[in-house]
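Note sheet for the following structure.
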Amino acid sequence: MRHNKKFNHLSRKKGHRDAMLANMTISLIMHKRIFTTLAKAKALRVYAEPLINRAKNDDTASRRVVFSYLQNKQAVSILFNEISQKIADRPGGYTRILKLGNRLGDNAKTCFIELVDYNEALLAEKKETAKKATRRSRRSGKKAAAEKTEQPAETAAEE
């Protein structure tokens, strides 16, 4: 039975698990994206998102709480100075997990976990898809193209 087992223990004792998740959170903050197994990424999301949420409120108490988990001054300063400004209007969901497939050696499921607001490729792709217009029929496209070619000729004649 699974009574009182709400999180994945990752086959580690508490001290080892906490140290590993703290190190992975520091790497995620520093590099904005890390490559890991799916189970570790899901556990990291549960560990890191409350810390990232705490960074929205930049006061001494919040900094001390986050530092007690991470024990890294540089990561805490990056979290409170850079990342908190990008996520200020986001209500939650600060990380994204992208599945990659299975690892060759042990067939473990692998993935990327990244901070959502730092993936420039996906953000640029969303902007491009928003600009795309729908095409109703071929004939209307030909009319629009013909009108575009006639307009410059008319403006040149007026000058």
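Atom CD of Q74 has 12 or fewer heavy atoms from other residues, nucleotides or ligands within 6.0 Å. Atom NZ of K42 has 12 or fewer neighbouring heavy atoms from other residues, nucleotides or ligands inside a 6.0 Å radius. Residue K109 places its NZ atom among 12 or fewer non-hydrogen atoms of other residues, nucleotides or ligands, all under 6.0 Å distant.
Put simply, the side chain of I29 does not reach to within 4.5 Å of the side chain of V76, judged on heavy atoms. In this structure the side chain of L44 never reaches within 4.5 angstrom of the side chain of T36, judged on heavy atoms. For the pair Y118/E82, a side-chain contact is recorded, criterion being any heavy-atom separation below 4.5 Å from C-beta on. Side-chain atoms of H9 and R17, non-hydrogen and from C-beta on, do get closer than 4.5 Å to each other. Taking the side chain as every heavy atom from C-beta outward, I97 and C111 approach each other to under 4.5 Å. Between N72 and F67 the shortest side-chain heavy-atom distance does not fall below 4.5 Å. Between R103 and N107 the shortest side-chain heavy-atom distance does not fall below 4.5 Å. Using a 4.5 Å heavy-atom cutoff, the side chains of K56 and I87 are in contact.
With sequence neighbours excluded, no residue satisfies side chain to side chain donor-acceptor pair (under 3.5 Å) with Y47. For D117, the side chain to side chain donor-acceptor pair (under 3.5 Å) partners are R90, not counting sequence neighbours. F112 meets the ring-ring contact (aromatic ring centres under 6.0 Å, His included) test with F35; sequence neighbours excluded. Taking A39 as the reference, N8, L10 meet the side chain to side chain contact (heavy atoms under 4.5 Å, CB included) condition, with sequence neighbours excluded. Every residue two or more places apart in sequence or in another chain was checked for a side chain to side chain donor-acceptor pair (under 3.5 Å) with R12, and none qualifies. Shown here are the side chain to side chain donor-acceptor pair (under 3.5 Å) partners of R54, two or more places apart in sequence or in another chain: there are none.
Using a cutoff of 4.0 Å between basic side-chain nitrogens and carboxylate oxygens, D59 and R63 are not scored as salt-bridged.
With values rounded to the nearest 0.5 angstrom, S11 atom OG is found 10.5 Å from H16 atom NE2. Here the straight-line distance linking atom CG of L28 with atom CD1 of I34 works out to 5.0 Å at 0.5 Å rounding. Atom OH in Y94 sits 8.0 Å away from atom CD1 in I52 (nearest 0.5 Å). One finds the CG atom of L100 at 4.5 Å from the OG1 atom of T110 (value rounded to the nearest 0.5 Å). Rounding to the nearest 0.5 angstrom, the gap separating the OG atom in S84 from the CD1 atom in I78 is 11.5 Å.
Here the side chain of N53 pairs no donor or acceptor atom with the backbone of E49 at under 3.5 angstrom. Under the 3.5 Å distance criterion, the side-chain polar atoms of S27 are matched with a main-chain donor or acceptor of N23. S62 places a side-chain N or O within 3.5 Å of a backbone atom of N57 that can act as its donor or acceptor partner.
In terms of heavy-atom proximity, G93 sits nearest to V116 at O-CG2, 3.5 Å. Contact record, K14 with D18: NZ-OD2, 2.5 Å, taken as the closest heavy-atom pair.
Both M30 and M24 are assigned to one and the same hydrophobic cluster, defined by single-linkage of ILVMFWY side chains at heavy-atom distances under 4.5 Å. One hydrophobic cluster holds both V65 and I26 under the rule that ILVMFWY side chains link at heavy-atom gaps under 4.5 Å.
Of the candidates N119, I113, L115, N119 is the only one forming a side-chain contact (heavy atoms from CB on, under 4.5 Å) with R33.
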